[in-house]
Amino acid sequence: EAGVTQFPSHSVIEKGQTVTLRCDPISGHDNLYWYRRVMGKEIKFLLHFVKESKQDESGMPNNRFLAERTGGTYSTLKVQPAELEDSGVYFCASRRGEGANEKLFFGSGTQLSVL
Amino acid sequence: GQNIDQPTEMTATEGAIVQINCTYQTSGFNGLFWYQQHAGEAPTFLSYNVLDGLEEKGRFSSFLSRSKGYSYLLLKELQMKDSASYLCAPRGYNKLIFGAGTRLAVHP
């Protein structure tokens, strides 16, 4: 079974540019999460999809961030325009159902550097 | 509010035992997870506690006290490959909440 895959693994862009990150969850996992880790700090929740619907987007920093999950399969996270403080590692995670004990499976992350 | 506290760094010797403590405050509580993350890799699941007490799984054990908002991860017979970050993650209403993690360095 393939795990959660993220693309690209690294992205270096200039301030003001646009970047789109992609996440392919494990097949059949309805729940998809985006998290971000800024260097030295905690992994912070960004948002949660159930299938194609945004269940909780309370962690999205501002309207420069747009997440989509058309068709309820893969998800994209677009940052436009990127700012220096957006640098960090963006993790995607998925889980199958709603059970409290269902663990999250994480991707390896996208390291975003905004210069 | 929501807050997770873990030591930033710990060091231990190969073959020894180490305990990584975590205190937490969350809005809603549906269990607590521990994840291991090697540098540049995905966090991977280690354990889950929802009831008070100790859960043992091989060399790793995890303890939970819900009334105290406290958990610990116990690693026995440490190996060099256990050098990694360990993330305490209580589950709120429908998401895991992470702290900054504890970086564990195991030396010979």
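Every chain is numbered from 1, with letters handed out A, B, ... down the list of sequences. Reckoned from all heavy atoms, side chains included, excluding hydrogens, waters and symmetry mates.
- Residue A:Gln17 places its CD atom among more than 12 non-hydrogen atoms of other residues, nucleotides or ligands, all under 6.0 Å distant.
- Close approach to chain A, defined as a heavy atom under 4.5 Å from one of its heavy atoms, is seen in B:Asn30, B:Phe33, B:Tyr35, B:Gln37, B:Gly40, B:Glu41, B:Ala42, B:Pro43, B:Phe45, B:Tyr48 of residues 29-58 of chain B, taken by number.
- Seen from the ring of A:Tyr74, A:Arg22 counts as a face-on cation partner, given the 6.0 Å and 45° thresholds.
- Distance alone, capped at 3.5 Å, places no donor-acceptor pair between the A:Thr76 side chain and the A:Thr20 backbone.
- Taking the charged nitrogens against the carboxylate oxygens, B:Arg103 and B:Glu9 do have a contact shorter than 4.0 Å, which makes a salt bridge.
- A:Lys54 and A:Asp56 are not joined by a salt bridge, as no carboxylate oxygen comes within less than 4.0 angstrom of a charged side-chain nitrogen.
- Of the atoms belonging to A:Gln6, not a single heavy atom falls under 4.5 Å from chain B.
- The neighbour count for B:Glu77 CD, taken as heavy atoms of other residues, nucleotides or ligands under 6.0 Å away, does not exceed 12.
- Ranked by non-hydrogen atom pairs under 4.5 Å with chain A, the options B:Ile4, B:Ile97, B:Asn94 are led by B:Asn94.
- When each of A:Ala93, A:Gly107, A:Gly109 is scored by its heavy-atom pairs under 4.5 Å with chain B, the top score falls to A:Gly107.
- Side chain of A:Thr110 to backbone of A:Pro8: a donor-acceptor contact under 3.5 angstrom is found.
- Contacts from residues 79-88 of chain B to chain A, taken as heavy-atom pairs separated by less than 4.5 Å, involve B:Leu87 in sequence order.
- Salt-bridge check for A:Arg37 with A:Glu42: failed, with every basic side-chain N at 4.0 Å or more from each acidic carboxylate O.
- Both the backbone and the side chain of A:Lys103 come within less than 4.5 Å of a heavy atom in chain B.
- Residue A:Arg96 places its CZ atom among 12 or fewer non-hydrogen atoms of other residues, nucleotides or ligands, all under 6.0 Å distant.
- Looking only at atom types and distance, the side chain of B:Asn21 has a donor-acceptor partner in the side chain of B:Tyr70 under 3.5 Å away.
- The two residues B:Arg91 and A:Arg95 have their closest heavy-atom pair at NH2-NH2, 3.0 Å.
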